[in-house]
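Labels below follow one simple rule: chain letters A, B, ... track the order of the sequence lines, proteins then strands, and each chain is numbered from 1. Atoms considered below: every heavy atom in the structure, side chains included; atoms not considered: hydrogens, waters and symmetry mates.
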There are 2 protein chains.
Amino acid sequence: MELAAAKLKFIEAWGKLGSEWGINRTMAQVHALLLVSPEALTTEEIMEQLSISRGNANMTLRDLIGWGLIEKQHKAGERKEYFFADKDVWNIARQVAKERKKRELEPVLKILNELSTVNGDEKDPEFVTFKKSIKDINKLAGNVDKTLETMLKAEESWFWGSVLKVFK
Amino acid sequence: MELAAAKLKFIEAWGKLGSEWGINRTMAQVHALLLVSPEALTTEEIMEQLSISRGNANMTLRDLIGWGLIEKQHKAGERKEYFFADKDVWNIARQVAKERKKRELEPVLKILNELSTVNGDEKDPEFVTFKKSIKDINKLAGNVDKTLETMLKAEESWFWGSVLKVFK
DNA sequence: ATAAAGTTTCAATAATTTTTGAAAGTTTAA
DNA sequence: TTAAACTTTCAAAAATTATTGAAACTTTAT
């Protein structure tokens, strides 16, 4: 396979994966493009390579910066802004984990904790079932949270070394 | 908080979480409803409690069965079909992991492996960067895949015991 | 065979999400 | 201060995704 075709295929696959996981397809594609670009790119170049509008490119780039996945770069003597992606895949994974934990897991944990305080009749099967399910989900979510917490602090080699060693 | 209010809040929160993770909101809500219901419910009851149409209920229930999260139940002497959810949260987590691995991770791994075979000029930074990124992502995805594989086979207590012990 | 009870399908509609593009805003250099 | 270069905003349009509802279909009992 040729490089140009491979790049397109990667961008498409990354975009699809993103959309399946609740990440805007264009955002995933812009990230993919920057991931495989040795040099920082301008908004113009991104617009052109992905055939997207200026507005879309601008918003998407802002979002990616908000996720901590890309950064602006200013080249000496140039007006234009350049964008480049952190190429360290472990940093990327941690950054995504960190943001989704904060934006999605934590709010749900908060609600689950509130829901744990519900009171009712211990003889009512509706009540008993509700409480049990909430308790179990809460416990699982807590374990996921703790694991992510560890992942955020860990070095890649240490993390996978430990996890995979346990599982051999 | 009262049970009725708590149930609504749980269904809403579960629906939101689902939609953030690429799962149809209604599907997550129906699942939530069945999770906290001690008895199996009919399509009618689900339609009514969630204010959704018959068609939507039917499709959603079919999807949930496809995901292995709920089952049909037939009560003796009754024509109606009843639906109930597996209440074991670890089974649920494994089932979701299993399906998403199959539907999303595996296709991406296949593409990444194809993309690893790309050939080009080792002096071309475009080529070198592409190859490196693909290789790194491939490795990470492989580790995720192996960990999920282990999770699918594991008992809950063993899995979290091992993972959290490593991280203490 | 018929009809009642229940289930499934799917084209049309609605809701949501994403994208556009042009206008407004900002920065820099002369 | 002006104007060119560039960036940002956001209302409107487009695209996508989810939902409805009525007709078709299936099953069961009589």
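Taken together through direct or relayed side-chain contacts under 4.5 Å among Ile, Leu, Val, Met, Phe, Trp and Tyr, B/V108 and A/V89 form part of one hydrophobic cluster.
Atom P of nucleotide C/dT8 and atom CD of B/E44 are separated by 13 Å, given to the nearest angstrom. With rounding to whole Å, A/K72 atom NZ is found 11 Å from C/dT26 atom C1'. Computed from coordinates, the A/E78 CD to C/dT27 P distance equals 19 Å when rounded to whole Å.
Looking only at side-chain heavy atoms (C-beta outward), B/T43 and B/L61 come within less than 4.5 Å of each other.
With respect to A/E20 and B/R103, no salt bridge is recorded, no charged nitrogen being found less than 4.0 Å from a carboxylate O. By the 4.0 Å N-to-carboxylate-O rule, A/K16 lies too far from A/E12 to be salt-bridged with it. A salt bridge does not link B/K146 to B/E149: none of the charged side-chain nitrogens sits closer than 4.0 Å to a carboxylate oxygen.
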Strictly under 4.0 angstrom, non-hydrogen atoms only: write out the protein contact profile of nucleotides 16-22 of chain C, one letter per nucleotide from the 5' end, B, S or -.
--SSBB-
Run the side-chain contact (heavy atoms from CB on, under 4.5 Å) check on B/L35 and A/I137 step by step: do they pass?
CA-CA 10 Å; B/L35 256 189; A/I137 292 169; 4.0 Å; yes
Before giving the answer on side-chain contact (heavy atoms from CB on, under 4.5 Å), spell out for B/W158 and B/T150 the whole-Å C-alpha distance, their side-chain angles and the decisive distance to 0.1 Å.
CA-CA 11 Å; B/W158 180 84; B/T150 306; 4.0 Å; yes
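Two residues, A/R79 and A/R62, neighbour DNA chain D, and the one matched to the more 5' nucleotide by heavy-atom proximity is A/R79.
We find the CE-CD distance between B/M151 and B/E156 to be 9.0 Å, quoted to the nearest 0.5 Å.
Taking 4.0 Å as the cutoff to heavy atoms of chain A, we find the contact window on DNA chain D bounded by D/dA5 to D/dC10.
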